[in-house]
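The chain is numbered in sequence order, starting from 1.
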Amino acid sequence: MKFIVSSSYLLKQLQVLGGIINTSNTLAILDNFLFELDKDTLRVSASDLETTISAKLEVECDSNGSIAVPARLLLDILKTFPEQPLTFVVEENNTIEISSNHGKYALAYADGEEFPKAIEISSPSSTVIQSDILATAISKTIFASGNDDLRPVMSGVFFQFSTEGLTFVATDAHKLVKYTREDVKASEVADFIMPKKPLNLMKSILAGSEEDVLIEYNESNAKFVFDNVELVCRLIDGKYPNYEAVIPKENPNKLTIDRSQFLSSVKRVSIFSNKTTHQIRLKIAGAELNVSAEDIDYSNKAEERLTCSYQGDDMQIGFNSRFLTEMLANLTSDEVSLEMSLPNRAGILTPADGLDEGEQIIMLVMPVMLNN
């Protein structure tokens with residue numbers, strides 16, 4: 001078994017796939033890449049049992065077979081090569097020899113048959129979505145998902161497909177993001193919860209691409225096929241909370257403000273906030289927003305005044321500055337609107353401009369109790 005491949009082309013593909021490999025695997029075979037040769041195509045796979053990702057590479061080859069190659073060792077050596085063709089030869093003594101322009105390197109391999117097979121999805125439903133739309137949907141929502149092992153359904157992103165459009169939701173009970181596309185429709189109604197790890201991996205691969213992504217899914221698994229990459233993962237089992245019930249419908253107090261100015265102000269003022277609560281206070285009256293924070297234990301405090309456009313009653317409301325910062329940083333609009341009803345009800349943050357046709361984004365942030 002022998003094949004020839006460009007060093008930088010191979011490295012680029014393997015770095016993407018390597019993102020799925022755990023640092024401490026229970027099965028030793030999962031520390032490897034699976035190489036499957038079939039004439040001029042090399043299919044490389046990596047897995048953590050929950051998720052398997054594979055890519056097809058074009059190589060010069062005339063044989064076929066499969067072996068498992070140590071991932072860390074292979075990535076480390078590939079990173080040191082300048083662009084050049086590399087020749088891989090599988091020897092009889094269970095080693096694979098790599099020949100470069102300057103030298104030879106041998107590493108032990110395992111039998112490819114030991115590598116776990118990717119899950120086959122039986123009788124799947126399918127939807128096609130443009131990759132940059134999917135990448136945007138993931139990056140706009142994933143930061144709001146939780147990390148609580150006791151509530152696994154909240155540790156992923158909820159995909160909701162219908163003939164009206166696609167909706168992506170993430171929440172950790174303190175903040176919630178709902179991203180909707182009405183310009184992309186599914187052929188049938190379906191919903192499932194995607195885990196965070198494969199989504200982060202896809203986000204980095206899909207960014208900037210305009211290829212179509214085929215999503216196939218059933219009750220327990222989902223498969224994403226795009227370019228020359230295939231990703232299969234197990235879905236999070238459980239029922240997603242009724243997120244519509246927590247989004248307040250009547251919000252008479254509406255603040256509109258320059259996003260980057262508001263973000264900078266919140267970041268600066270929050271440095272002076274209490275290190276456990278991260279609480280900042282927004283005081284709105286007329287066309288003025290007062291952003292303040294105080295850490296009584298250390299006598300630190302800060303206050304800033306910003307001009308804004310505001311319709312509604314004068315009010316004071318407290319937020320966790322980290323959540324507010326994350327949300328403002330994940331929007332790209334010039335201006336944002338913050339809609340509120342009462343100081344103890346959630347605030348709704350939406351971009352005031354810069355959205356595509358059929359695109360909607362709603363961010364909800366829970367207030368914190370102010371101690372006057």
Side-chain angles (χ1 to χ4, degrees), residues 3 5-22 29-61 64 66-69 71-72 74-75 78-79 86 88 112 115-121 124-139 141-142 156-157 159 161 166 168 184 192 194-218 220-235:
F3 64 93
V5 64
S6 140
S7 60
S8 54
Y9 171 55
L10 181 61
L11 174 63
K12 190 176 169 214
Q13 297 291 341
L14 292 188
Q15 279 178 318
V16 167
L17 304 183
I20 209 73
I21 298 174
N22 289 330
I29 193 75
L30 296 177
D31 293 332
N32 295 272
F33 288 122
L34 175 65
F35 278 23
E36 295 170 289
L37 273 174
D38 185 11
K39 302 291 185 285
D40 286 343
T41 305
L42 167 65
R43 183 186 167 101
V44 186
S45 307
S47 175
D48 66 356
L49 287 184
E50 295 286 319
T51 304
T52 302
I53 181 168
S54 59
K56 284 184 179 157
L57 286 72
E58 287 172 22
V59 295
E60 280 180 48
C61 170
N64 49 28
S66 77
I67 55 168
V69 188
R72 181 59 35 225
L74 185 56
L75 282 170
L78 286 174
K79 283 175 193 164
L86 297 177
F88 287 73
F115 202 85
K117 296 273 178 282
I119 304 153
E120 286 297 321
I121 299 186
S125 308
S126 68
T127 298
V128 174
I129 179 171
Q130 216 176 306
S131 50
D132 55 348
I133 291 179
L134 183 58
T136 305
I138 296 169
S139 60
T141 50
I142 199 164
V157 174
F159 282 46
F161 293 168
L166 313 184
F168 304 83
V184 188
F192 53 87
M194 272 292 292
K196 217 184 285 196
K197 189 176 173 183
L199 286 180
N200 272 320
L201 199 64
M202 277 199 302
K203 183 176 77 168
S204 55
I205 309 173
L206 294 173
S209 161
E210 288 185 2
E211 294 280 325
D212 279 345
V213 180
L214 169 67
I215 308 175
E216 296 186 329
Y217 45 91
N218 61 12
S220 48
N221 301 289
K223 177 175 172 182
F224 296 76
V225 184
F226 48 93
D227 266 357
N228 54 350
V229 178
E230 201 172 280
L231 181 143
V232 184
C233 72
R234 190 172 293 150
L235 299 171

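Separation of atoms CG (L57) and OG1 (T41) is listed at 9.0 Å; rounding is to 0.5 Å. Atom CD of E230 is separated from atom CD of E216 by 8.5 Å, given to the nearest 0.5 angstrom. How far CZ of F168 is from CD1 of I133: 9.0 Å, rounded to the nearest 0.5 Å. For the atom pair CG of N32 and CZ of R72, the computed distance is 12.0 Å after rounding to the nearest 0.5 Å. Atoms CG and CZ, from L86 and F3 in turn, are 9.0 Å apart once rounded to the nearest 0.5 Å. One finds the CD1 atom of I67 at 9.0 Å from the CZ atom of F88 (value rounded to the nearest 0.5 Å).
At distances below 3.5 Å, at least one donor-acceptor pair connects side-chain atoms of S131 with backbone N or O atoms of E211. Looking only at distances, a side-chain donor or acceptor of K197 sits under 3.5 Å from a matching main-chain atom of I20. In this structure, N218 contributes its side chain and S220 its backbone to a donor-acceptor pair below 3.5 Å. When atom types are taken as modelled, the side chain of D227 and the backbone of V229 share no donor-acceptor pair closer than 3.5 angstrom. For D132 (side chain) and E210 (main-chain N/O), no donor-acceptor pair under 3.5 Å exists by modelled atom type. A distance-only check finds a donor-acceptor pair linking the side chain of D48 to the backbone of T51 [under 3.5 Å].
At most 12 non-hydrogen atoms from other residues, nucleotides or ligands lie less than 6.0 angstrom from NZ of K56. Heavy-atom neighbours of Q15 CD from other residues, nucleotides or ligands within 6.0 Å: above the threshold of 12. In the displayed structure, K12 atom NZ is contacted under 6.0 Å by at most 12 heavy atoms of other residues, nucleotides or ligands.
Between E58 and Y9, the closest side-chain pair of non-hydrogen atoms falls below 4.5 Å. When side chains are defined from C-beta on, E60 does not count as touching D40, because their heavy atoms never get closer than 4.5 Å. Looking at P116 and L30, their side chains come closer than 4.5 Å, going by heavy atoms from C-beta outward. Counting only heavy atoms from C-beta outward, the side chains of L166 and I129 approach each other to under 4.5 Å. For the pair V59/L10, no side-chain contact is recorded, criterion being any heavy-atom separation below 4.5 Å from C-beta on. A heavy-atom distance below 4.5 Å is found between the side chains of F224 and M194. Taking 4.5 Å as the limit, every side-chain heavy atom of L34 sits out of range of all side-chain heavy atoms of V44. At a threshold of 4.5 Å between non-hydrogen side-chain atoms, the residues M202 and V213 do not count as touching.
Across S45 and L17, no two heavy atoms sit closer than the pair N-CD1, 4.5 Å. Contact between I29 and A68 at its shortest, heavy atoms only, is CD1-CB, 3.9 Å. Among all heavy-atom pairs drawn from L201 and G19, the shortest one is CD1-CA, 3.8 Å. Across every non-hydrogen atom of D31 and I21, the tightest pair is CA-CG2, 4.4 Å. Shown here for R234 and L49, the closest heavy-atom pair between the two residues is NH2-O, 4.4 Å. Pairing each heavy atom of P195 with each of L199, the nearest pair is O-CG, 3.3 Å.
Each of I215, L134, V128, I205 was evaluated against F226; a single residue qualifies, I205, per the side-chain contact (heavy atoms from CB on, under 4.5 Å) test. Tested against F192 for a side-chain contact (heavy atoms from CB on, under 4.5 Å), the candidates L235, V157, N221 yield a single pass: L235.
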TODO: Give the C-alpha distance, both sets of side-chain angles, the deciding distance and a yes or no for ring pair (Phe, Tyr, Trp, His ring centres under 6.0 Å) between Y217 and F161.
DONE: CA-CA 11 Å; Y217 45 91; F161 293 168; 5.7 Å; yes
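Every residue two or more places apart in sequence or in another chain was checked for a ring-ring contact (aromatic ring centres under 6.0 Å, His included) with F35, and none qualifies.
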